[in-house]
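Below is one structure, written out as structure tokens, with a few remarks after it.
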There are 2 protein chains.
Amino acid sequence: MTETKSTRPYKKVLDRLRAAGLRPTRQRLALAKLLFEGGDRHVTAEILHGEAQAASIRVSLATVYNTLHQFTAADLLREIVVDSQRSYFDTNMSDHHHFFHEKTNQLMDIPGDEIVVAQMPPPPPGTVVKRVDIVVRLDE
Amino acid sequence: MTETKSTRPYKKVLDRLRAAGLRPTRQRLALAKLLFEGGDRHVTAEILHGEAQAASIRVSLATVYNTLHQFTAADLLREIVVDSQRSYFDTNMSDHHHFFHEKTNQLMDIPGDEIVVAQMPPPPPGTVVKRVDIVVRLDE
DNA sequence: AAGAACCTTTTAACGATTCTAAACTAACTT
DNA sequence: AAGTTAGTTTAGAATCGTTAAAAGGTTCTT
């Protein structure tokens, strides 16, 4: 049962990459493991790179950036815009929103069912709503 | 009536600066004029700097940045986070939200009364909601 | 008009991100 | 298994938006 985890530690993550059409390279596997086996996470490229180093995974920062973007394009991650100076990536792909504590740079998920948008204007002609992002900015 | 505009073109803007406790310098007056006399606007530092140049106002980019931040601190402007690589400033200080067209980098206001958030979770203990930002991302 | 406080400018620096070109590697072919 | 090829990674340089420091200029108060 947990056999899958111990005897084939990369199986799950490998399947995800294959399913996304991404070649399962050493570094993609390692980063995917860090990202997807720790529950819902919010990371910046710097943070993930730091974690990789800490885990003795040799990966360049450029590859971390590439990988985050490829994963995002493959719908394995979602980019969150809360800070105009830094990009955060979220492993939680379900419908949800965010609390953002500006002093501490902490991001927290708000489950989709805890925010209800009752009314919304139609998108301008010729456009389509891609996503609605709600950021509740916290203070104190 | 429109006399105010033609005979004392800086009167309105001057009063706003004074009210905010900002010295009405040449460049602040000029930038304020560009910002506040064109209806609701969304600008980046680059854009505003470009407009100033086009209007033959000699202002350095650093001053544009300083001014945008000072105006924001003085509640004459509001910073909007829609792009993790660029800061936008909004002259519309009323309660409202935004459409953001990612291909064209176009920002459009959504009046506050056109979006209704019916339900929202309480902020985590020890924090207070500073603002709720809703960005409707458009495509196509 | 003088002094003090404040503002603007230039230039250098910064952090985050992307680019480049070369080295590498996974996957396919034989 | 070796060779080929296309895709990937790398280090380092380059770029972008933004901020900082230092020097000089402006505005306000008197």
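Since the model is a prediction, treat every value here as computed from it, not as a measurement. Quick note: numbers below take in every heavy atom, side chains included, and nothing from hydrogens, waters or symmetry partners.
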Phosphate OP1/OP2 of dT10(D) contacted by T63(A) side-chain N/O (<4.0 Å): yes
Distance, rounded to the nearest Å, where I57(A) contributes CD1 and dT8(D) contributes C1': 17 Å
Interatomic distance, Q53(B) CD vs dT9(C) P [rounded to whole Å]: 10 Å
Donor + acceptor pair across side chains of D109(B), H97(B) (<3.5 Å): no
Residues E79(B) and S87(B): side-chain donor-acceptor under 3.5 angstrom: yes
With F89(B) via ring-ring contact (aromatic ring centres under 6.0 Å, His included) - residues at least two apart: H69(B)
d(CG, D83(A); P, dT17(C)) in whole Å: 9 Å
Spacing of L14(A) atom CG relative to dA26(C) atom P, expressed in whole Å: 12 Å
d(CG, L17(B); C1', dC6(C)) in whole Å: 14 Å
Summary of protein contacts for nucleotides 16-30 of chain D, nucleotide by nucleotide, where a base hit scores B, a sugar-phosphate-only hit scores S (4.0 Å, heavy atoms): -SBB------BBS--
Basic-acidic side-chain contact under 4.0 Å: E102(A), R131(B): no
d(CG, L29(B); P, dT8(C)) in whole Å: 10 Å
Rounded interatomic separation in angstrom, taking NE2 from H49(A) and C1' from dG15(C): 15 Å
Check: R28(A)/Q70(A) side-chain N/O donor and acceptor closer than 3.5 Å: yes
Residue pairs fulfilling side-chain hydrogen bond (donor to acceptor under 3.5 Å, both in side chains) with at least one residue in residues 113-129 of chain A, sequence neighbours excluded: none
